A.B. asks: 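My questions all concern the structure below.
Both ligands and their constituent atoms are indexed starting at 1 by order of listing. Note that the structure is predicted; figures quoted are calculated from it, not measured.
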Amino acid sequence: MAKHSVQNSLLVLNSVIDRYNTQARPVSNNGSARVLQAELDVSLSDGGAEMAELEEMALHYLQINPDVSSAKFNKLLYSGLNAPALFGDWVTSISNATMHTYQVSPVATLMELELIDQWNKLVGFERGEGVMVSGGSQANLIALLLARHKICPQAKTQGIRDRLVAYVSDQAHYSSLKAINVLGIGSDNLISVASDEQGRILPEALEKAIKASLALGHKPFYIGLTAGTTVLGAFDPVAPCAAIAKRYDLWLHIDGAWGAPILFSKKHRHLLADAQLADSVAWDAHKLMNVPLTAAVILTREQGLLKEVCSGGGGDYLFHADENAAYNLGERSIQCGRRADALKVWMSWKAIGNNGFAEKIDTLQQLKADFVALLPSSRFELLHMPSYLNVLFRYHGDETLTEKAHKTICIDICTALKQQNIAYIDYASCKGRSGIRLILANTNIEIEQLQLMLEACDAIVLSLLTERDYSRL
Ligand SMILES: Cc1ncc(COP(=O)(O)O)c(C=O)c1O
């Protein structure tokens with residue numbers, strides 16, 4: 001067998017998986033980049049290497065990377081392991097298909113179309129469309145691009161002459177800021193609208209901001225709501241904002257990168273009520289659905305628009321006018337080469353089913369409620385009433401502590417939790433206040449583990465307060 005053959009790679013992969021013991025490792029043991037650079041030789045050379053050498057590096061890679069599959073990984077909006085999706089990902093890599101034309105990706109094209117149908121059904125778009133993208137950031141970019149096209153169709157060929165203005169809440173993900181820059185609209189033209197205590201956009205403030213732009217002679221064109229904000233997990237109210245969008249003839253987008261899967265759950269889907277009133281929706285499968293990165297979609301209520309806006313070029317050599325031309329998803333995309341992400345999403349959706357995803361959300365929502373119920377008997381308090389799977393909490397023992405002191409305590413607690421291998425968790429600031437941000441995305445987490453974490457937080461904060469004078473901060 002050739003040393004670099006697929007068969008040999010699979011044998012080595014098996015060996016790596018056998019040797020990689022997630023039980024024996026901490027959830028995160030990474031430290032300074034400089035120390036790692038000194039310890040780990042990642043240099044390339046003129047000569048080749050044996051698979052044995054690659055096997056050792058693969059093992060180091062897994063051992064040093066945070067263990068995202070661990071129930072103690074509570075840091076980001078994804079965690080856990082979705083085995084059917086992983087299987088799909090491996091098969092995708094073997095096929096190395098690209099999604100521009102049906103000819104080179106026949107099965108994945110049909111799968112992507114089926115996924116888009118299912119996503120649209122959940123959102124409530126009766127005749128919707130969509131295309132898979134690299135993530136929520138690209139989905140938000142495409143939404144802005146579609147909105148720009150609606151108000152200013154000549155922008156595609158001639159650029160923008162008008163002063164276009166978009167609106168998102170002060171809790172929106174930073175990807176909108178990046179997108180507005182990429183689209184040449186300019187970051188000064190992304191207006192940050194105030195949100196309430198729970199992090200939901202205030203419709204009155206939104207309308208006021210639109211009127212202010214109009215008074216300046218600017219052209220409002222886009223409202224970007226968020227379903228599941230990054231820090232607080234808040235859901236912006238769709239119906240009142242849709243009424244505003246209609247009144248001023250603006251595009252209404254919902255960034256559901258984190259929160260849109262709530263639509264699987266009959267019990268909790270009310271959080272994203274009226275999603276069908278939007279013009280577009282972003283949905284990440286690589287967050288709550290635990291599909292390996294990257295897997296996401298941009299959905300649109302109107303058919304044909306994606307192609308109208310995103311197509312251009314390639315007709316002379318790639319997009320042939322054959323019987324399958326209508327299946328060439330590349331014309332709906334801003335990418336040329338695009339990985340067949342549909343396969344892993346399809347595999348896991350097929351294996352888990354709508355009911356399985358609904359159950360996952362219901363279980364995690366219950367876990368969240370159980371954790372919140374533990375807080376009153378601890379030294380910690382909520383910074384908001386969580387509606388979704390983000391819980392921001394902090395030490396409440398001393399009212400004289402400054403914000404800087406609170407933030408420092410949060411950082412020190414997170415560091416200690418990581419060092420003691422209790423949890424890999426982060427802190428975040430919102431509305432001028434800092435807290436520890438617990439993200440619940442993994443159904444392997446049990447309430448007993450969260451209780452232990454909270455008890456550890458109690459003990460850590462007590463010892464920190466004796467070791468360090470936070471009142472000086
Ligand atoms: C609300 C929201 N939108 C968009 C994004 C960006 O998603 P992605 O990382 O898939 O580009 C994030 C990432 O955390 C997010 O929280």
A.B. asks: Any heavy atom of Ala227 closer to ligand 1 than 4.0 angstrom?
C.D. replies: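 In this structure, Ala227 fails to qualify as a contact of ligand 1 - no heavy atom is under 4.0 Å.
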A.B. asks: What are the atoms of ligand 1, with element, lying closer than 4.0 Å to any heavy atom of Ala257?
C.D. replies: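 The atoms of ligand 1 under 4.0 Å from a heavy atom of Ala257 are 2 (C), 3 (N), 4 (C).
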A.B. asks: Any carboxylate oxygen within less than 4.0 angstrom of a Lys/Arg side-chain nitrogen, looking at Asp426 and Lys75?
C.D. replies: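 Yes, charged N to carboxylate O under 4.0 Å.
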A.B. asks: With a cut-off of 4.0 Å, which atoms of ligand 1 are near a heavy atom of Asp284?
C.D. replies: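 What qualifies from ligand 1 is 7 (O), 8 (P), 10 (O).
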A.B. asks: What atoms in ligand 1 come closer than 4.0 Å to a heavy atom of Gly228?
C.D. replies: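 Result: 1 (C).
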A.B. asks: Salt bridge between Lys246 and Asp249, side-chain N to carboxylate O under 4.0 Å?
C.D. replies: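 No salt bridge links Lys246 with Asp249.
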A.B. asks: How far is atom 3 (N) of ligand 1 from its nearest protein heavy atom, and which residue and atom is that?
C.D. replies: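 The answer is Asp255 OD2, 2.6 Å.
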A.B. asks: What I want to know is whether Gly136 and ligand 1 share at least one N or O pair that is separated by under 3.5 angstrom.
C.D. replies: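 Right, the criterion is met.
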A.B. asks: Between Arg332 and Glu112, does any NZ, NE, NH1 or NH2 come within less than 4.0 Å of an OD or OE carboxylate oxygen?
C.D. replies: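 Judged by the 4.0 Å cut-off on N to carboxylate O distance, Glu112 and Arg332 do not form a salt bridge.
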A.B. asks: N/O of Ser134 under 3.5 Å from N/O of ligand 1, yes or no?
C.D. replies: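 The answer is no, given that Ser134 and ligand 1 share no N or O pair closer than 3.5 Å.
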A.B. asks: If you have a sec, work out which protein heavy atom is nearest atom 11 (O) of ligand 1 and how many Å separate them, to one decimal?
C.D. replies: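 Its nearest protein heavy-atom neighbour is Ser137 OG, 2.7 Å.
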A.B. asks: Purely on distance, is any nitrogen or oxygen of Thr229 under 3.5 Å from one on ligand 1?
C.D. replies: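 No, no N or O pair falls under 3.5 Å.
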A.B. asks: Polar-atom distance check: Ser175 versus ligand 1, any N or O pair below 3.5 Å?
C.D. replies: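 No.
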A.B. asks: Among all protein heavy atoms, pick the one closest to atom 9 (O) of ligand 1 and tell me residue, atom and distance.
C.D. replies: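 The closest one turns out to be Lys287 NZ, 3.4 Å.
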A.B. asks: For ligand 1, which atoms have a heavy atom of His286 less than 4.0 angstrom away?
C.D. replies: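 So the atoms of ligand 1 that pass are 10 (O).
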A.B. asks: Honestly, is Lys287 close enough over Tyr78, meaning NZ or CZ under 6.0 Å from the six-membered ring centre and within 45° of the axis?
C.D. replies: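 That pair does not qualify as a cation-pi contact.
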A.B. asks: N/O of Gln138 under 3.5 Å from N/O of ligand 1, yes or no?
C.D. replies: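 N/O-N/O distance below 3.5 Å does not exist for this pair.
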A.B. asks: Hey, is ligand 1 close enough to Thr230 that some N/O pair sits below 3.5 Å?
C.D. replies: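 So ligand 1 has an N or O lying under 3.5 Å from an N or O of Thr230.
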A.B. asks: Let me know which of Ile254, Asp236, Leu250 forms a side-chain contact (heavy atoms from CB on, under 4.5 Å) with Ile223.
C.D. replies: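 Among Ile254, Asp236, Leu250, the one that satisfies the side-chain contact (heavy atoms from CB on, under 4.5 Å) with Ile223 is Leu250.
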A.B. asks: Starting from atom 6 (C) of ligand 1, find the nearest protein heavy-atom neighbour and note its residue, name and distance.
C.D. replies: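 Closest protein heavy atom to atom 6 (C) of ligand 1: His173 CE1, 3.3 Å.
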A.B. asks: Please verify the inter-ring angle class for Trp283 with Trp119; under 30° counts as parallel, over 60° as perpendicular, anything in between as tilted.
C.D. replies: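 Because their plane-to-plane angle lies in the 30° to 60° range, the rings of Trp283 and Trp119 count as tilted.
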